[in-house]
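Here's the structure, in structure tokens; my notes come after.
Values in this document were obtained by computation on a predicted structure and should not be read as measured data.
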Amino acid sequence: QLQVVESGGGLVQPGGSLRLSCSGSGFTLGYYAIGWFRQAPGKERDWVSCISRSDRRAYYADSVKGRFTISRDNAKNTVYLQMNSLKAEDTAIYYCAAGPPLAAGCAAKYDYWGQGTQVTVSS
């Protein structure tokens with residue numbers, strides 16, 4: 001069984017920080033490109049960030065660039081999303097996903113998805 005599990009969500013004030021974790025069970029995340037997505041109520045799911053397999057190159061949506069950082073710790077079979085300077089518009093369910101890596105970039109399709117973790121930014 002291949003499973004992706006997110007954790008680390010919660011309630012935070014504007015300007016605060018959270019670190020989300022994405023862990024793999026039954027497979028090694030280091031073999032895959034990993035993406036983070038989010039979905040706010042009544043809105044479509046949006047891509048947030050991803051990290052490549054081999055060189056750990058990171059990519060970000062314009063809305064989070066400079067505030068969020070994605071990273072890998074292959075020894076822990078975990079990918080992190082560090083979220084700083086959070087805004088109310090960052091409120092969403094955040095999903096981690098794994099997919100086969102591309103030669104450049106991250107993945108064309110994500111095959112394995114976590115259950116999501118809620119991030120709420122509010123005063």
- Item | Y80 with Y94, same ILVMFWY side-chain cluster at under 4.5 Å | no

- What closest approach, in Å, do G105 and S52 show between heavy atoms, and which atom pair accounts for it? O-CB, 3.4 Å

- Query: Would a hydrophobic clustering, with Ile, Leu, Val, Met, Phe, Trp and Tyr connected at side-chain separations under 4.5 Å, put F68 with I51?
  - Reply: yes

- Which heavy atom of P100 sits nearest a heavy atom of A107, and at what distance? O-CB, 3.4 Å

- So salt bridge (charged side-chain N to carboxylate O under 4.0 Å, His left out) across residues 10-23, not counting sequence neighbours, yields none

- Message: Can a donor-acceptor pair be found, under 3.5 Å and without considering hydrogens, that links the side chain of R72 to the backbone of L29?
- Response: yes

- Note on the structure: Residue pairs meeting salt bridge (charged side-chain N to carboxylate O under 4.0 Å, His left out), one or both in residues 82-99, sequence neighbours left out, come to R38-D90, R67-D90

Could you pull out every donor-acceptor pair under 3.5 Å between side chains of residues 3-15 and any protein atom, sequence neighbours left out?
residue, atom, partner, partner atom, Å
E6, OE1, Q115, N, 2.9
E6, OE1, G116, N, 2.9
E6, OE2, C96, N, 2.7
E6, OE2, G116, N, 3.3

- Query: Can you get from L102 to I70 by hopping between Ile, Leu, Val, Met, Phe, Trp and Tyr side chains that sit under 4.5 Å apart?
  - Reply: no

- Message: If we count only N and O atoms by modelled type, under 3.5 Å, do the side chains of S17 and N84 hold a donor and an acceptor together?
- Response: yes

- Do you know which two heavy atoms are closest between A92 and A40, and how far apart they sit? CB-N, 3.8 Å

- Message: Tell me which pairs pass disulfide (SG to SG under 2.5 Å) where either residue lies in residues 42-79, with sequence neighbours left out.
- Response: C50-C106

- Message: One pair to check against side chain to side chain contact (heavy atoms under 4.5 Å, CB included): V119 and T91. What are the steps and the verdict?
- Response: CA-CA 5 Å; V119 172; T91 296; 5.9 Å; no

- Query: Going from CG on L86 to OG1 on T120, what distance comes out if it is rounded to the nearest 0.5 angstrom?
  - Reply: 10.5 Å

- Can you tell me if D73 uses its side chain to pair, donor with acceptor, with the backbone of T78 under 3.5 Å? no

- Task: Return the orientation label for the F27 and Y112 ring planes: parallel under 30°, perpendicular over 60°, tilted otherwise.
- Result: tilted

- Message: Quick check against the 3.5 Å criterion: does N74 have a side-chain atom that pairs as donor or acceptor with the backbone of T28?
- Response: no

- Task: Please check if atom CZ in R57 has more than 12 non-hydrogen atoms from other residues, nucleotides or ligands closer than 6.0 Å.
- Result: no

- Task: With side chain to side chain contact (heavy atoms under 4.5 Å, CB included) as the test, would you mind laying out the steps for Y31 and R53 before giving the verdict?
- Result: CA-CA 6 Å; Y31 295 165; R53 173 188 174 182; 4.1 Å; yes

- Message: Test of understanding: with side chain to side chain contact (heavy atoms under 4.5 Å, CB included), list the residues that count as partners of D46, not counting sequence neighbours.
- Response: none

- Does the side chain of W36 come within less than 4.5 Å of V79's, by heavy atoms? yes

- Joining Ile, Leu, Val, Met, Phe, Trp and Tyr whenever any side-chain heavy atoms lie under 4.5 Å apart, the cluster holding F37 also takes in W47, Y59, I93, Y95, Y110, W113

